[in-house]
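To start, the structure under review is shown below, and the notes come after it.
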Amino acid sequence: MTAFGTVFMPEMAISWFDGSRWSAAEIVPSDSLKLHPGAHVLHYSSTCFEGLKAFRHGDGSIKIFRMDKNLARFANSSRLLSLPEIDVAATEKMIIDIVRRFAEDVPEVPGSLYIRPTHIGTDPAIGKAAAPSVTSCQYVLLSPVGNYFSGNGDDGLRLLLEEDSMRCAPHMGMIKSGGNYASALGLILEAKKAHNVDQILFCPNGDVQETGAANFLLIDGDTLITKALDSTFLHGITRDSILTLAREMGMDVQERQLTIEELLERAARPDCEAALSGTAAVLTPVGTLLHRGKEHTVGTGKLGPTTAKLKKALNDLQWGHREDSHGWLTAV
Ligand SMILES: *Cc1c(COP(=O)(O)O)cnc(C)c1O
């Protein structure tokens, strides 16, 4: 199996902002992009992106999941990075047009077509460390994908609880921006090497936050606990979808602060479950938490029944196996 996100459709949609207007979108080869080496993005990280998926339904139709939410977050990220304002309707059209063009190549479920809109500052100006790029470029890449994490998906991930550092600067957490991943990478590589973990669960000052690229959910019996939205972490659309489905199932969904202390206390209970949520990860079980040299198994350490039920509910909706009662799917 090829690694997640390494296969691309040969063309992408692209549009340029010249300081006053967005150009008409074009379809161009996806293997290169012409940029000035002094481009703002390459020096001062004026970049944000989105990740969403298109699914092939049994009747052959192609549906994009929660595109409006992703577009809203993309516009917000652009704004918070002082990039030019995106034209949401034009970006939406770019996404639909390029997915339609490659509709034949959308894999059968459980695979999907991963969609990666990207927005970068293009001013050729290395003196703009403290000034925004007034020109920019937006493009939409497509990548057919299978499962994000290797393995059968039933074995729980191993996470290191990190109290002493953060994933990124606290005011940047809700922006899907390249610099945040670079900021966390050294810590993640170190943790993998020293503790043989899959990911770090960032818990600055004991406050359970998220991993490098997915949100964290604790499922204890009928209760689901996850951090309440604030600027320090990424507001996942999978998180929002799972919370909605959990509420509909009658679960007690609590968006609030979760401390490491409470997490470890609940994790010790035999029916406790934990999971990472994200467009790529979907809902991936967490089996072990490593804290100050001690291993804590979460429940059975394997995929639990509630995580499985929530994941199935989400997949069923995405795949057209149950009614889309929230209007989360857009036909292309
Ligand atoms: C993308 C991302 C998530 C998950 O967001 P979704 O909208 O569910 O895909 C969570 N955390 C981080 C840091 C992310 O980059």
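What you are looking at is a predicted structure, and each value in this text was computed from that prediction instead of being measured. Scope of the values below: all heavy atoms of this structure, side chains included, with no hydrogens, waters or symmetry mates. Numbers for residues simply follow the sequence, beginning at 1. Counting starts at 1 for both ligands and their atoms, following the listed order.
Geometric assessment of R79 against the ring of F74 yields a negative cation-pi assignment under the 6.0 Å and 45° thresholds.
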What pairs of donor and acceptor atoms, side-chain ones from residues 324-332 against any protein atom, are under 3.5 angstrom apart with sequence neighbours left out?
unit_1: D324; atom_1: OD1; unit_2: G327; atom_2: N; d: 3.2
unit_1: D324; atom_1: OD1; unit_2: W328; atom_2: N; d: 2.8
unit_1: D324; atom_1: OD2; unit_2: W328; atom_2: N; d: 3.1
unit_1: D324; atom_1: OD2; unit_2: L329; atom_2: N; d: 3.0
unit_1: H326; atom_1: NE2; unit_2: E248; atom_2: OE2; d: 2.3

Note to self: Show, in sequence, the C-alpha distance, side-chain angles and deciding distance for K309 and E273, and conclude whether the salt bridge (charged side-chain N to carboxylate O under 4.0 Å, His left out) test is met.
What the structure shows: CA-CA 12 Å; K309 191 171 79 174; E273 303 173 30; over 6 Å; no
Below 3.5 Å only, please: the N or O atoms of ligand 1 paired with protein N or O atoms, distance on each line.
unit_1: ligand 1; atom_1: 7 (O); unit_2: R73; atom_2: NH1; d: 2.8
unit_1: ligand 1; atom_1: 7 (O); unit_2: R73; atom_2: NH2; d: 3.1
unit_1: ligand 1; atom_1: 7 (O); unit_2: I237; atom_2: N; d: 2.7
unit_1: ligand 1; atom_1: 8 (O); unit_2: I237; atom_2: N; d: 3.2
unit_1: ligand 1; atom_1: 8 (O); unit_2: T238; atom_2: N; d: 2.9
unit_1: ligand 1; atom_1: 8 (O); unit_2: T238; atom_2: OG1; d: 2.7
unit_1: ligand 1; atom_1: 9 (O); unit_2: T279; atom_2: N; d: 2.9
unit_1: ligand 1; atom_1: 9 (O); unit_2: T279; atom_2: OG1; d: 2.6
unit_1: ligand 1; atom_1: 11 (N); unit_2: E210; atom_2: OE1; d: 2.5
unit_1: ligand 1; atom_1: 11 (N); unit_2: A214; atom_2: N; d: 3.4
unit_1: ligand 1; atom_1: 15 (O); unit_2: K176; atom_2: NZ; d: 2.7
unit_1: ligand 1; atom_1: 15 (O); unit_2: Y181; atom_2: OH; d: 2.3

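Looking only at distances, a side-chain donor or acceptor of S133 sits under 3.5 Å from a matching main-chain atom of T135.
Aromatic ring orientation, F17 versus W22: tilted (interplanar angle from 30° to 60°).
Nearest heavy-atom pair across L283 and T307 is CD2-O, 3.7 Å.
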